[in-house]
2 protein chains.
Amino acid sequence: MAIKKLEPKWLNPREMKAWRSYIQTVRRMMEALEADLSPHELSLPDYEVLVLLSEAEGRRLRMTELAEAGLISKSRLSHRMKVMEKAGWVKREACKEDRRGLWAVMTDRGWKTLVKAAPDHTESIRNRFIDHLTVKDQEDMARIFDRVHSQLREQYLAEQDKK
Amino acid sequence: MAIKKLEPKWLNPREMKAWRSYIQTVRRMMEALEADLSPHELSLPDYEVLVLLSEAEGRRLRMTELAEAGLISKSRLSHRMKVMEKAGWVKREACKEDRRGLWAVMTDRGWKTLVKAAPDHTESIRNRFIDHLTVKDQEDMARIFDRVHSQLREQYLAEQDKK
DNA sequence: ACGCTTTAGTTGAAAGTTGAACAAATATTG
DNA sequence: CAATATTTGTTCAACTTTCAACTAAAGCGT
């Protein structure tokens, strides 16, 4: 890969502009979404957990599945679940098929909380992001980020193999 | 704003696709960037602090300026600075013009750490993101996110005024 | 069936973050 | 110029996240 040495080491102005614009906006937007959600007493990660459970068969997922789908560590999920269980949104049930395992199950109360928060959150996503994109922007975004995403996955797998 | 009621409440498939693609990729990418930086014993926020100081006049900024530029709270910066000071990358100096204040100053050691990490980090940004964008993608991204960013700022200011 | 390895999930301690309360210095206003 | 309000940065306590160690149950190879 001798050619790699010839690639420019630094970002050129156009690249830097895209990068900075991107990275700053991400953070601001996430903060805004968090703030919009806070009246519902939900954090973004907790909301995400509820969404994943709500979409699952029987509104339940194994802990590991949930952690992977939510892109959080098992340890973190375990701690979070304790808090969310106390809040009454979820409960944990023994798993008969695999007695090491547990089902994370969404309660009715959790469902109601989600249903109540969802329209506001959707509105928030619109206000803070999507409404500022044209249809073409949306298509461009999906295309670009799908590509980046699949690249990241490939890189991840390649890095795993090396180990 | 009666018209607002007529807006669709839910995201349509194209919008949902753009949103999910975006949000998942953001998180994966940040994780990858963090991991790429970790051999330098730097976290992304700490790297950002060093970059901001490195670009500042005299490699120094007031704590509040630094917190605002880095999009972190003063409290968090205060805690971080204690750690970074212990690592020898920065120091805090009394401010003569305003005796309440402090200068966050980058040390030579901090500069060396940054200079050593920067090429790898740049390479990382390329590998994980920019190289997967065409020039046109880059321009689109900058345009889109500049727009979203300015909207967020406007919204932020409007919300402040209400209070 | 026997060890050995892997997988599922939890735990506890350390580190990081948040938000409110605070002290000190400066700015503003009557 | 005194009283009040604001700004600067830190600190404490509560909470969250990470990392490594751990238990228990499967799985696997012989």
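Per chain, numbering begins at 1; letters A, B, ... match sequence-line order. All values derive from a computational prediction rather than experimental measurement.
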**Prompt:** On the ring face of W111(B), is R59(B) found with NZ or CZ under 6.0 Å from the centre and within 45° of the axis?
**Reply:** yes
Does R80(B) make a side-chain N or O approach to OP1 or OP2 of dG16(C) shorter than 4.0 Å?
yes
Comparing P45(A) with K96(A), nearest DNA chain D nucleotide closer to 5' gives the residue P45(A)
Between CD of E41(A) and P of dT16(D) the distance, given in whole Å, is 12 Å
OP1 or OP2 of dT11(C) versus the side-chain N and O atoms of K82(A): is any pair under 4.0 Å? yes
Between CZ of R76(B) and C1' of dT16(D) the distance, given in whole Å, is 12 Å
D98(A) CG to dA26(D) P, in whole Å, measures 5 Å
* Asked: Less than 3.5 Å between a donor and an acceptor, one on the side chain of H79(A) and one on the base of dG9(C), is that the case here?
  -> no
E97(B) CD to dT7(D) C1', in whole Å, measures 16 Å
(message) With a cut-off of less than 4.0 Å, is there a side-chain N or O of R62(B) near OP1 or OP2 of dG9(D)?
(response) yes
Atom CG of L66(B) and atom P of dT8(D) are separated, to the nearest Å, by 14 Å
Could you tell me whether the side chain of S75(B) has a donor or acceptor atom within less than 3.5 Å of a complementary atom in the base of dG19(C)?
yes
| Quick one: are N127(B) and H132(B) in side-chain contact, heavy atoms under 4.5 Å? | no
Here the distance between atom P of dT16(D) and atom CG of D46(A), to the nearest Å, is 8 Å
### Task
Hey, can you tell me if F145(A) and Y22(B) have their rings parallel, tilted or perpendicular (30° and 60° cut-offs)?
perpendicular
Separation of dG9(D) atom P from L61(B) atom CG, nearest Å, is 11 Å
Practice task
Report yes if at least one side-chain N or O of S73(B) is closer than 4.0 Å to OP1 or OP2 of dT17(C); otherwise report no.
Solution key: no
Is it the case that the base of dT7(D) and the side chain of R100(B) share a donor-acceptor contact (distance under 3.5 Å, atom types as modelled)? yes
Checking dA25(C), dT17(C), dT10(C) against the side chain of R99(B) (C-beta onward), the nearest is dA25(C)
request  = Give one of base, sugar-phosphate or nothing for T64(B), where a contact means two heavy atoms less than 4.0 Å apart.
outcome  = sugar-phosphate
Hey, does the side chain of R92(A) come within less than 4.0 Å of dG9(C)'s phosphate (OP1/OP2), counting only N and O? no
ask   = Are any of the side-chain heavy atoms of R92(A) and S78(A) separated by less than 4.5 Å?
value = yes
Interatomic distance, CD@E85(A) vs NZ@K82(A), rounded to 0.5 Å, equals 10.0 Å
Between CD of E93(A) and P of dG9(C) the distance, given in whole Å, is 14 Å
On DNA chain C, more 5' by nearest nucleotide between V83(B) and W103(A) is W103(A)
